[in-house]
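Values below: all heavy atoms of this structure, side chains included; hydrogens, waters and symmetry mates excluded.
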Amino acid sequence: MRLNEPKVKVCGITRLEDGENAIALGASFLGFILFGDSPRCIDPKEARKIWKLLNSDKTFSVAVDVDPDPLFLSEIVNTGFDFVQLHFPCTIDLDRVIAWSEIVGKEKLWLAPRVPPGDIFPDHFIPYADTFLVDSYSVNKFGGTGKVSDWKEFTKLKDKHPSKKWVLAGGLCPENLSAALSATHASLVDLNSGIESEPGIKDFFKMEKAFSILHDHN
């Protein structure tokens with residue numbers, strides 16, 4: 001990986017072979033979605049089983065869920081994931097986010113509030129995580145929509161809070177990845193639906209093309 005090359009999280013891993021391919025291509029993170037309503041849902045124990053079979057010395061695991069109960073979140077943490085990514089409505093009670101931060105630790109917590117277009121990003125969440133993910137908005141879904149996120153808003157947030165890590169997500173694919181990087185200068189991108197043949201099944205050639213673009217991008 002070149003010095004300024006963006007890091008990559010390949011999310012929605014459900015198969016060992018997809019994890020192996022992602023790591024071989026240079027993924028820094030693999031995401032395992034534990035949310036039951038997701039077509040990419042995987043049982044936490046199955047995710048850990050896959051993880052243990054991977055040669056993951058330079059790659060980290062990320063458990064992904066939506067507005068989990070703190071007790072279930074504790075179980076996720078005890079399972080042994082490196083990071084936890086949580087999606088939630090931006091109207092959520094702040095006390096719940098504080099509880100998540102205390103359970104996970106803000107250095108390992110990625111927060112992904114669902115912010116409707118035109119609404120202001122809820123800055124009161126900023127102190128409780130070191131990493132924030134900006135995804136595309138959907139009325140009834142939390143991520144994995146295939147829709148492109150607001151790149152201008154991402155850039156604004158990244159510039160406003162430079163001490164935090166910002167993950168660009170939302171419909172990234174080989175066709176728009178170069179433009180997304182040029183527009184945002186993102187240092188970490190999240191690839192999911194844009195490199196799939198169907199939900200939860202990664203397309204190796206799409207994945208390979210995406211990584212090739214990332215490697216070549218200046």
Side-chain angles (χ1 to χ4, degrees), residues 1-13 18-33 40 56 58-62 64 82-83 85-87 109-115 117-118 120-121 126 129-138 141-197 199 201-218:
M1 179 179 289
R2 298 175 184 174
L3 183 62
N4 296 321
E5 185 178 319
K7 293 182 178 180
V8 183
K9 170 174 165 274
V10 174
C11 199
I13 295 293
D18 291 336
E20 290 174 335
N21 289 334
I23 289 174
L25 289 168
S28 296
F29 304 90
L30 295 187
F32 298 89
I33 299 175
R40 303 168 182 85
S56 54
K58 297 180 180 180
T59 308
F60 297 96
S61 60
V62 184
V64 182
D82 296 307
F83 297 93
Q85 174 185 318
L86 300 180
H87 293 252
L109 181 59
W110 298 17
L111 291 179
R114 182 173 66 180
V115 183
I120 298 174
F121 186 91
I126 291 292
D130 285 350
T131 303
F132 290 82
L133 184 139
V134 177
D135 207 341
S136 52
Y137 177 79
S138 171
K141 290 184 178 181
F142 291 87
T145 65
K147 297 179 180 178
V148 174
S149 59
D150 187 335
W151 297 346
K152 289 184 179 179
E153 178 66 11
F154 174 88
T155 304
K156 184 172 71 175
L157 290 167
K158 181 168 65 74
D159 292 344
K160 184 178 180 181
H161 302 286
S163 66
K164 302 297 181 179
K165 300 180 182 71
W166 292 89
V167 185
L168 181 65
L172 296 175
C173 63
E175 290 72 28
N176 63 21
L177 192 51
S178 182
L181 294 172
S182 295
T184 65
H185 302 288
S187 59
L188 175 52
V189 297
D190 187 296
L191 302 177
N192 191 350
S193 61
I195 55 168
E196 290 182 331
S197 56
I201 306 299
K202 305 308 179 194
D203 183 308
F204 175 75
F205 296 104
K206 290 180 180 180
M207 197 189 311
E208 185 179 44
K209 178 63 175 178
F211 274 91
S212 176
I213 292 167
L214 288 160
H215 295 331
D216 294 339
H217 189 80
N218 294 319

### Summary
Taken to the nearest 0.5 Å, the spacing of Phe204 CZ from Asp18 CG works out to 10.5 Å
### Message
Under the rule for side-chain contact (heavy atoms from CB on, under 4.5 Å), what residues qualify as partners of Ser187, not counting sequence neighbours?
### Response
none
### Task
Applying side-chain contact (heavy atoms from CB on, under 4.5 Å), run through Glu208 and Leu25 and close with a yes or a no.
CA-CA 7 Å; Glu208 185 179 44; Leu25 289 168; 4.2 Å; yes
### Summary
In terms of heavy-atom contacts, Phe154 and Thr184 come closest through CD2-CB, 3.6 Å
### Sub-4.5 Å side-chain heavy-atom contact between Ser56 and Ile23
yes
### Query
Would a 4.5 Å heavy-atom cut-off, applied to side chains only, mark Phe83 and Lys9 as touching?
no
### Task
Using the test side-chain contact (heavy atoms from CB on, under 4.5 Å), find all partners of Ala22 that sit at least two apart in sequence or belong to another chain.
Val10, Ala27, Leu30, Met207
### Query
Within a strict 4.5 Å, meaning less than it, do heavy atoms of the His185 and Thr155 side chains meet?
no
### Query
Quick one: do the Ser149 and Asp135 side chains pair a donor with an acceptor below 3.5 Å?
no
### Query
Yes or no on side-chain contact (heavy atoms from CB on, under 4.5 Å) for Lys202 and Asn192, after CA distance, side-chain angles and deciding distance?
CA-CA 8 Å; Lys202 305 308 179 194; Asn192 191 350; 3.0 Å; yes
### Message
Any heavy-atom pair between the side chains of Trp110 and Val64 that's under 4.5 Å?
### Response
no
## Note on the structure
So CD of Glu196 and SG of Cys173: to nearest 0.5 Å the spacing works out to 12.0 Å
### Query
Is the backbone N or O of Ala186 less than 3.5 Å from a side-chain atom of Lys158, with the two atoms forming a donor-acceptor pair by type?
no
### Query
Is the ring centre of Phe121 less than 6.0 Å from the ring centre of Trp166?
yes
## Note on the structure
dist Leu188:CG -> Ser28:OG (nearest 0.5 Å) comes out at 7.5 Å
### Message
For Leu109 versus Ala129, what's the shortest heavy-atom pair and its separation?
### Response
O-CB, 3.3 Å
### Message
To the closest 0.5 Å, what do you measure between CG (Leu168) and CG (Leu181)?
### Response
7.5 Å
### Query
Where is the tightest heavy-atom contact between Leu172 and Asn176, given as atom of each residue plus distance?
CA-OD1, 3.5 Å
### Stepwise side-chain contact (heavy atoms from CB on, under 4.5 Å) check, Ser193 with Arg40
CA-CA 10 Å; Ser193 61; Arg40 303 168 182 85; 3.5 Å; yes
### Query
Which atoms form the tightest heavy-atom contact between Gly26 and Phe211, and what is the distance?
C-CE2, 3.7 Å
### Query
To the nearest 0.5 Å, what is the distance between OG1 (Thr131) and NZ (Lys165)?
5.0 Å
### Query
NZ of Lys206 to CG of Leu191: how many Å apart, nearest 0.5 Å?
12.0 Å
### Task
Mind listing the closest non-hydrogen atom pair of Cys11 and Asp190 along with its distance?
CB-OD1, 3.6 Å
### Query
When you look at Phe29 and Asp82, which way does the side-chain contact (heavy atoms from CB on, under 4.5 Å) test go after all the steps?
CA-CA 9 Å; Phe29 304 90; Asp82 296 307; over 6 Å; no
### Task
Find out whether Val167 and Gln85 are in side-chain contact, i.e. whether some heavy atom of one side chain is under 4.5 Å from a heavy atom of the other.
no
### Task
With the side chain counted from C-beta on, respond yes when Leu157 and Lys164 share a heavy-atom pair under 4.5 Å apart, and no when they do not.
no
### Query
For Leu177 and Ala210, which heavy atoms make the closest approach, and how far apart are they?
CD2-O, 3.5 Å
